[in-house]
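This report refers to the structure that appears directly beneath it.
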Amino acid sequence: MKKRLNLICALFCTMIALHASAAKNREAQYITHSVQAPFSMEPIKEYIFPDKQFPITKYGAKAGGEYSNTKAISKAIKACNKAGGGTVIVPKGEWLTGPIHLMSNVNLHLDEGAVLIFSDNYMEYLPAVQTSWEGLECFNYSPLIYGFACENIAITGTGKLQPRIKGWSPWFKRPKAHLEASKQLYTWGSTDVPVEQRQMAVGENNMRPHLIHLNRCKNILLDSFHINGSPFWTIHLFLCDGGIARNLKVYAHNHNNDGIDLEMTRNVLVEKCQFDQGDDAIVIKSGRNRDAWRINQPTENVVIRDCKVVKGHCFLGIGSEMSGGVRNIYMENCEATDSVFRMMYLKTNHRRGGFIHHIYMKNCKGTCAGRMFEIDTDVLYQWKDLVPTYETRITPIHDIFMEDCEMKRADAIYEIKGDARKPIRDIYLKNLKVGLVHKFINKSSNTFYIHTENITYDKTGF
């Protein structure tokens, strides 16, 4: 009996040791990055992929830009995932493909000189997948690169993503059929129609897909690749937890070509990237109206540092889809080298609700802007008359900080337009300088406690 007890005890101890060893090995699969910010933020984890390679040529891929490699790339990704993870290699050359769907523990690596050319035939992006359109969940054409509920995924390497745009170009306009579809989706989101019933990839709805859309993913790495063009928003992290975007070079000057959109997403580091956009450059969102209230996930704990924006509407934009709330965003040591409409722009309206607080910009500079700093609580775009207000919720905005920033030329240093029903409060503007101010110095309405210190300019042009 004693021997039996000793054996059981030994087996139990062995199991504990094996469990501890396995836990240690699992932990060793990540390296962590401590991030300095004016708020408490967890270290960001970067997954160490298993040392296994899966060249797409092994699965039938052919270079040259004419042969469709959609199936070959899919086979390589599935094999990599089934083997426990590793790196799918896209070698030097031009590789035509349709949508690419990532899977857990897969690093899609673009070798130097590798170009993924994405087809512009919309039929290749069916069947529809769960995605979103301007803050509303739906099923739509597959993004060009898509991941859903994946963990430990990456796109790396110095190659290029090159979508063909010609086929999408007619969709850039918003004809009646598209506007009717947008109204329908807005109504569905406002009346709790289940997401799986919101099928938008039909008829002439013409809702363009994102270039990269990662939905409900965890531990993401986007590193070193180039982007040239996009049908819609360029990089979109939606309901994700943990991510790094670094050393990217993004150029996209078509309609709605935001650079990077972080939506209802937390714990992200964006560093050493360059954006040259036809819309906002670096954007923080969190869903639209009732659809975001249902999900109830703020965008939080985001650090953006050492980035460059060549052109863009907003250097740093918050909203206008921000109904889930936005907090703890820190941008430092970034530069707008050409021109932006707004250096820092917070935008909402009376339908959004949510909240915006503890947003920080420090030690940033730019060449030319319409406004250096702006908050607008009545941004509705075409939706003002297109759809009704189902419910009014005013956005509380407070504790916004801009410090040690300068701009060579601007129409105005700051403009703050609050809502009388919930005035903006506690705005801190310190050590801001503009060389030439073209239109006015500052304006504000419906605000409490705008704290300014050392706001200067060299001359005016009005």
Side-chain angles (χ1 to χ4, degrees), residues 33 44 46-49 53-57 61 63 65 69-70 73-74 76-77 80 86-103 105-119 143-147 150 152-165 209-214 217 219-237 240 242-254 257-262 268-277 281-282 304-310 312:
H33 299 271
I44 295 178
E46 181 178 343
Y47 182 64
I48 301 172
F49 290 89
Q53 296 189 351
F54 300 81
I56 62 172
T57 49
N69 295 292
T70 309
I73 294 172
S74 177
I77 289 172
C80 181
T87 302
V88 171
I89 303 291
V90 181
K92 180 179 180 179
E94 294 187 345
W95 309 88
L96 177 64
T97 184
I100 294 174
H101 289 192
L102 298 176
M103 301 179 74
N105 306 319
V106 172
N107 173 14
L108 179 66
H109 182 82
L110 310 176
D111 278 350
E112 178 70 28
V115 183
L116 279 174
I117 299 175
F118 290 90
S119 167
L144 280 57
I145 297 181
Y146 177 65
C150 298
N152 307 324
I153 55 175
I155 307 170
T156 65
T158 56
K160 183 184 293 185
L161 305 179
Q162 176 76 65
R164 289 177 176 169
I165 299 298
H210 307 80
L211 176 63
I212 300 172
H213 175 82
L214 305 179
C217 294
N219 300 330
I220 297 159
L221 175 63
L222 306 173
D223 192 352
S224 297
F225 57 90
H226 293 199
I227 291 173
N228 188 12
S230 176
F232 184 50
W233 293 356
T234 310
I235 301 171
H236 187 208
L237 273 56
C240 293
I244 300 171
R246 66 185 177 214
N247 303 318
L248 304 179
K249 193 170 184 179
V250 181
Y251 177 92
H253 271 264
N254 297 305
N257 276 176
D258 290 355
I260 184 167
D261 293 90
L262 307 177
V268 177
L269 172 63
V270 181
E271 64 176 354
K272 299 178 181 177
C273 296
Q274 177 176 301
F275 299 96
D276 191 345
Q277 309 303 141
I282 300 167
I304 304 131
R305 64 191 185 195
D306 304 317
C307 289
K308 181 184 293 185
V309 173
V310 179

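- Side-chain contact between Asp223 and Ile155 is absent, with no heavy atoms from C-beta onward closer than 4.5 Å.
- Classification of Arg246 and Glu46 as a salt-bridged pair holds, one side-chain N sitting under 4.0 Å from a carboxylate O.
- For the residue pair Pro209 and Leu144, the shortest heavy atom distance occurs at CG-CD1, 3.9 Å.
- At a threshold of 4.5 Å between non-hydrogen side-chain atoms, the residues Pro91 and Thr57 count as touching.
- Residues Val88 and Cys80 approach most closely at CG2-CB, 3.8 Å, considering heavy atoms.
- Atoms NZ and NZ, from Lys249 and Lys160 in turn, are 9.0 Å apart once rounded to the nearest 0.5 Å.
- In this structure, Leu96 and Ser119 approach most closely via the heavy-atom pair CD1-N, 4.1 Å.
- One distance of note links CH2 of Trp95 with OG1 of Thr70; it measures 13.5 Å at 0.5 Å rounding.
- For Thr87 (side chain) and Ile89 (main-chain N/O), no donor-acceptor pair under 3.5 Å exists by modelled atom type.
- Considering only heavy atoms from C-beta on, Asp111 stays 4.5 Å or farther from Val90 through its side chain.
- The aromatic rings of His210 and His236 sit parallel, their planes meeting at an angle under 30°, below the 60° perpendicular limit.
- Each of Ile212, Ile117, Asn228, Val115 was evaluated against Leu161; a single residue qualifies, Ile212, per the side-chain contact (heavy atoms from CB on, under 4.5 Å) test.
- Rounding to the nearest 0.5 Å places CG of Leu102 at 6.5 Å from CD1 of Ile145.
- Between the Asn69 side chain and the Thr97 main chain, no donor and acceptor come within less than 3.5 Å of each other.
- With rounding to the nearest 0.5 Å, the separation of OH in Tyr251 from NE2 in His226 is 14.5 Å.
- Between the side chains of Thr156 and Asn107, a donor-acceptor pair is found at a separation under 3.5 Å.
- Among Ile260, Val310, Ile282, Val250, the single residue meeting the side-chain contact (heavy atoms from CB on, under 4.5 Å) criterion with Gln277 is Val250.
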Side chain to side chain contact (heavy atoms under 4.5 Å, CB included) between Lys272 and Leu248, intermediate numbers included: CA-CA 7 Å; Lys272 299 178 181 177; Leu248 304 179; over 6 Å; no

Side chain to side chain contact (heavy atoms under 4.5 Å, CB included) evaluation trace for Asp276 with Val309: CA-CA 6 Å; Asp276 191 345; Val309 173; over 6 Å; no

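- Across all non-hydrogen atoms, the minimal contact from Gly229 to Leu211 is O-CD2, 3.9 Å.
- Taking the six-membered ring for Trp and thresholds of 30 and 60 degrees, Phe49 and Tyr47 have ring planes more than 60 degrees apart, a perpendicular arrangement.
- A distance of 4.5 Å separates CG in Leu116 from CD1 in Ile100, rounded to the nearest 0.5 Å.
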Steps toward side chain to side chain contact (heavy atoms under 4.5 Å, CB included) verdict (Ile153, Asn219): CA-CA 7 Å; Ile153 55 175; Asn219 300 330; over 6 Å; no

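- Residues Met103 and Cys150 come closest through the heavy atom pair CA-SG, 3.8 Å.
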Side chain to side chain contact (heavy atoms under 4.5 Å, CB included) assessment of Val268 paired with Ile244: CA-CA 6 Å; Val268 177; Ile244 300 171; over 6 Å; no

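- Across all their heavy atoms, Ala76 and Ile56 have their closest contact at CB-CG2, 4.2 Å.
- In this structure, Ser224 contributes its side chain and Thr158 its backbone to no donor-acceptor pair below 3.5 Å.
- Lys92 contributes atom NZ, which lies 14.5 Å from atom CG of Leu110 (distance to the nearest 0.5 angstrom).
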